[in-house]
Amino acid sequence: MLSKPVIFLALGLMSFTACENDIEKIKLITGKNNLPVETAGELTVLYSDSAKLKVRMTAKEMQRFSGEQPRTLMNKGIKVVFFDQDKNTSTTLTAGRGIRYEGKQTMEAYENVVVINSKNEKLNTEHLVWDEKSAKIFSDNFVKITTKDQIIFGNGFESNQDFTNYRIFKIKGTINIDKNENTSNP
């Protein structure tokens with residue numbers, strides 16, 4: 001039978017070896033990685049190149065997170081306006097929420113995403129990615145594009161960020177719109 005001092009010594013050594021301060025475990029427990037480093041409401045962010053305004057992004061609320069993958073959440077609505085060389089609005093993107101990844105220079109828009117170009121053509125989808133470096137927008141989700149002559153349905157698309165040169169993948173259907181058709185209501 002072991003004596004009491006040996007048992008206490010064994011328990012004491014076990015408690016010292018089991019005690020460690022792993023910073024990642026502490027962050028998991030305290031949730032410090034899940035807290036934003038900045039929060040702002042009714043914020044406008046301007047993107048320019050060579051002192052020329054290219055993009056204006058507004059959100060009702062933005063939360064910026066740091067860490068291995070710095071990102072900015074916009075969970076209460078977002079609007080992105082793209083400008084042409086003459087500072088005219090070329091495209092408008094709105095969505096229910098979005099997330100911008102700083103390192104990848106991409107933004108993902110979710111929930112009732114609508115893109116309207118200068119020709120008043122409209123894209124509807126539930127998820128869209130804007131790649132800032134390549135100045136492209138794309139989606140792998142269901143899309144509906146409405147032009148003055150057609151409504152086109154498909155799964156996935158890609159376009160320039162002005163939404164003037166686009167390609168729809170896996171077209172599911174097209175509806176031609178006849179403006180001359182008599183559509184009077186009774």
Side-chain angles (χ1 to χ4, degrees), residues 38-64 70-181 183:
E38 292 178 317
T39 300
E42 299 296 332
L43 187 70
T44 300
V45 178
L46 303 174
Y47 296 86
S48 62
D49 184 17
S50 302
K52 290 186 179 183
L53 181 62
K54 297 292 184 180
V55 178
R56 180 180 63 227
M57 181 169 46
T58 57
K60 293 180 182 176
E61 179 182 277
M62 288 186 180
Q63 295 179 320
R64 195 171 70 79
R71 63 206 178 281
T72 303
L73 295 179
M74 298 152 284
N75 286 327
K76 295 183 179 179
I78 165 179
K79 181 177 182 180
V80 181
V81 178
F82 298 94
F83 296 96
D84 65 16
Q85 302 170 17
D86 300 321
K87 299 181 188 173
N88 297 316
T89 299
S90 64
T91 310
T92 304
L93 180 155
T94 58
R97 60 189 183 92
I99 183 168
R100 182 177 181 272
Y101 296 98
E102 294 173 24
K104 293 193 262 180
Q105 292 184 336
T106 60
M107 186 197 74
E108 294 187 39
Y110 300 92
E111 295 175 7
N112 195 27
V113 180
V114 178
V115 177
I116 300 174
N117 67 15
S118 59
K119 296 187 282 186
N120 212 28
E121 296 173 325
K122 182 164 120 178
L123 164 77
N124 296 87
T125 188
E126 288 300 310
H127 177 247
L128 175 119
V129 177
W130 167 39
D131 186 327
E132 299 168 26
K133 290 181 282 188
S134 66
K136 297 208 181 275
I137 57 175
F138 56 91
S139 179
D140 291 331
N141 290 32
F142 176 79
V143 296
K144 173 181 143 186
I145 296 179
T146 306
T147 68
K148 66 178 183 173
D149 314 60
Q150 295 182 320
I151 301 173
I152 309 163
F153 304 94
N155 285 334
F157 93 105
E158 69 179 8
S159 173
N160 59 341
Q161 73 185 17
D162 293 336
F163 186 50
T164 55
N165 185 16
Y166 54 85
R167 187 171 75 158
I168 303 168
F169 306 121
K170 298 179 186 171
I171 293 177
K172 299 294 181 185
T174 302
I175 299 171
N176 292 317
I177 301 171
D178 186 3
K179 297 286 184 185
N180 297 326
E181 189 175 298
T183 58

Looking at R64, I want to see if its CZ is surrounded by more than 12 non-hydrogen atoms of other residues, nucleotides or ligands under 6.0 Å. yes
So with a 6.0 Å cut-off around NZ of K87, is the heavy-atom count from everything else above 12? no
Within a strict 4.5 Å, meaning less than it, do heavy atoms of the [X] and [Y] side chains meet?
X    : Y    : result
Y101 : E108 : yes
T89  : F83  : yes
Y110 : H127 : yes
L128 : F157 : yes
R56  : T44  : yes
V55  : E132 : no
D162 : N117 : no
V143 : F169 : no

Look at the side chain of [X] and the backbone N and O of [Y], then say whether any donor-acceptor pair between them is shorter than 3.5 Å.
X    : Y    : result
S50  : K52  : no
D84  : D86  : yes
T125 : F142 : yes
N165 : N160 : no
E121 : T146 : no

Quick one, M57 with T72, criterion side chain to side chain contact (heavy atoms under 4.5 Å, CB included). Give me CA distance, side-chain angles, the key distance, then yes/no. CA-CA 12 Å; M57 181 169 46; T72 303; over 6 Å; no
Any idea which heavy atoms bring [X] and [Y] closest together, and the distance?
X    : Y    : answer
Q161 : I137 : CA-CG2, 4.2 Å
Y166 : S159 : CB-CB, 3.6 Å
T94  : K79  : CG2-CG, 3.9 Å
M74  : R100 : CE-N, 3.9 Å

To the nearest 0.5 Å, what is the distance between CD on Q63 and CG on L43? 12.0 Å
Audit row: K148, N120, side chain to side chain contact (heavy atoms under 4.5 Å, CB included) steps and yes/no: CA-CA 8 Å; K148 66 178 183 173; N120 212 28; over 6 Å; no
Against K122, only a single residue in V115, T92, I116 fulfils side-chain contact (heavy atoms from CB on, under 4.5 Å); can you say which? I116
